[in-house]
Amino acid sequence: MARIVVLGAGFAGLWAAIGAARKRDEIGAAGRDVEIRVVDRNPYHNIRVRNYEADLSEVALPLPQLLDPIGVTHGIGEVEAIDPAQREISLVTSGGEETLSYDRLVLALGSEVMRPAIPGLAEHAFDVDTYAAALILENHLVSLGHSAPSPGRSTVVVVGAGFTGIEVAAEMPDRLARAGMTGSRRIVLVDPNPAVGATIGVHARPVIETALASLDVETRLGVRVVSLEAAGMHLSSGEFIPAQTVIWCAGMRASRLAESFAGARDRLGRLLVDPFMRVADVPGVFAAGDVASSVVDGLHPTVMSCQFARPMGRFAGHNVVADLAGLPMLPLRIDWYVTVLDLGGWGALYTEGWDREVRTTGAAAKATKQTINCKRIYPPLTGRKDELFAAAAPTVQAPPPTYGADRPR
C-alpha cells in the first residue's frame with residue numbers, strides 16, 4: 001500500500017489531508033491502496049489566527065471529527081527529522097521513538113514566532129503562537145484579575161507592531177476588562193521600526209494609528225528590547241516599563257524542519273515550491289502553508305496567512321494523489337489579495353491589493369473580519385464526508401464580503 005504522509009494539521013495540513021482524501025475517493029479503485037496519514041503534535045486543528053481573542057472556546061477542533069469520516073488516519077507525534085533520500089520521518093510519540101516511511105510527503109509544519117536570545121525572554125514573555133500558549137496567557141490574565149493591586153499588574157506590553165502584535169494590543173482593553181481589571185490600565189506596543197504596521201503599508205497606517213489612539217494604546221517605536229524580568233522590561237532607550245505581562249509577537253519563521261531539504265529557501269526559511277506545490281529537486285515532496293513560498297499570480301510570493309495556507313493545502317492534497325497515480329496535476333493561481341486587520345473595540349481595517357488600498361474601516365470592516373474568523377476559515381463541522389470533500393475542492397474562493405462603506409474616521 002502506498003502511503004501519503006501529511007506533516008502538520010494547521011490550515012495547510014488539514015486541507016491537504018482532506019484534499020488528498022477527496023482526490024483518492026475521486027479516482028475510485030486506483031485509490032483504494034493509498035493510505036493518507038496526518039501527524040501533528042496536537043490532537044486538534046487550531047484556528048490559529050483567533051489565538052489573540054479573549055474567547056478561545058472554538059479555536060481547537062478535534063481531528064477525529066474532521067478526519068475519521070473521510071478515512072484519513074492521524075497520530076500525535078513530534079517530528080524530529082526528515083530524510084528525503086530514504087523517504088523516512090523520525091518521530092517521538094507517546095510510545096517512544098518511531099520511524100515512519102512515505103511514498104509522498106506533504107510538509108505543512110507551518111511557522112513559529114522568532115525568539116531571539118534576549119535575557120529573560122524565555123522566562124518572562126507570553127505569546128499567542130499556539131493554542132496552548134494562548135491558554136497560558138488567558139489563565140495568566142484571569143489570575144491577575146483576581147490578585148491584589150501591585151506594580152505592573154494592569155500593564156501589558158506587546159512587542160512587535162506587525163499584524164499579530166497590533167491585533168493583540170487592540171484586543172487587550174476588552175481582555176483586561178473581561179479578566180476583571182477594570183481600573184487604571186496601560187497597554188504599550190513596542191517595535192524597532194519608526195512606525196506601527198511597517199509591513200502593512202502607508203495607506204493603512206493612519207487608520208491603525210487612529211484606532212490605537214482611540215483605544216489608549218501607547219507606542220514605543222524605534223526602540224529594541226534589551227532584557228526582561230518578572231517586574232518588567234528594559235528598552236534600548238533606557239526606559240524601564242513595569243509590567244507583569246509581556247506578549248512577544250516579533251516576527252515569524254518557517255519550521256526549522258524545512259532545512260531538511262536541499263531546495264531553495266527564502267529569508268523566512270520557507271521552501272520555494274512550484275505552482276503544483278512541489279519542492280524543487282526533491283522527488284515526492286510537496287509543501288504548503290507557512291513553510292512554503294509560491295508565486296501565485298506571476299509576480300507576488302505568498303505571505304504567511306490562512307488566506308494562502310488553505311488553498312495551498314487543498315491544491316497540495318489534490319496534486320500529491322494525482323502525482324502518485326500518474327494523473328495531471330492542477331496549478332494554483334490566486335489573482336487577488338486582501339488584508340483584514342482586527343482593531344478590537346474600534347472595529348477593523350480591510351485593504352485590497354498588494355499595495356493595500358483601504359476599502360472599509362470601523363464597523364463595516366469588523367463585520368468582514370468576524371465572517372472570516374468565525375465562518376469562512378472553518379471546515380464543515382457536521383462530520384459529513386460530502387461536505388468536507390466539497391469544501392476541499394481544488395478551487396480558489398472569491399474575496400471575502402464587504403459590508404457598508406465606513407471610511408477612516
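Please read these numbers as outputs of a predicted model, since none were measured by experiment.
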Quiz prompt | Pair Arg48 + Asp290, salt bridge at N-O below 4.0 Å | solution = yes
Quiz item: Do other residues, nucleotides or ligands put more than 12 heavy atoms under 6.0 Å from Glu123 CD?
Solution: yes
Exercise. Would you tell me whether Gln244 and Ser150 have side-chain atoms, one donor and one acceptor, within less than 3.5 Å of each other?
Key: yes
Quiz prompt | Plane angle bin for His45 and Phe11 - parallel if under 30°, tilted between 30 and 60°, otherwise perpendicular | solution = perpendicular
Exercise. Decide if the gap between the ring center of Phe276 and the ring center of Phe315 is smaller than 6.0 angstrom.
Key: no
Quiz item: Between the side chains of Ser294 and Thr302, does any donor sit under 3.5 Å from an acceptor?
Solution: no
Practice problem: State whether Glu167 and Lys369 are salt-bridged, where the test is any N-O pair (Lys NZ or Arg NE/NH1/NH2 against Asp/Glu carboxylate O) under 4.0 Å. | Solution: yes
Quiz item: Between Arg253 and Glu112, is there a side-chain N and carboxylate O pair less than 4.0 Å apart?
Solution: no
Quiz item: Can a donor-acceptor pair be found between the side chains of Asp129 and Asn51 at a distance below 3.5 Å?
Solution: no
Quiz item: Should Lys385 and Asp25 count as an ion pair when the cut-off is N to O under 4.0 Å?
Solution: yes
Quiz item: Strictly by modelled atom types, are Glu53 and Asn373 linked by a side-chain donor-acceptor pair under 3.5 Å?
Solution: yes
Quiz item: Any chance the side chains of His318 and Glu26 put a donor and an acceptor closer than 3.5 Å?
Solution: no
Self-check item: Note: Arg333-Asp297 ion pair, threshold 4.0 Å (strictly below)
Solution: no
Quiz prompt | Polar side chain donor-acceptor pair, Ser101 to Glu88, under 3.5 angstrom | solution = no
Exercise. Classify the ring geometry between Tyr337 and Trp354 as parallel (under 30°), tilted (30 to 60°) or perpendicular (over 60°).
Key: parallel
Quiz item: Using 4.0 Å as the upper bound for N to carboxylate O, is an ion pair formed by Asp216 and Arg185?
Solution: no
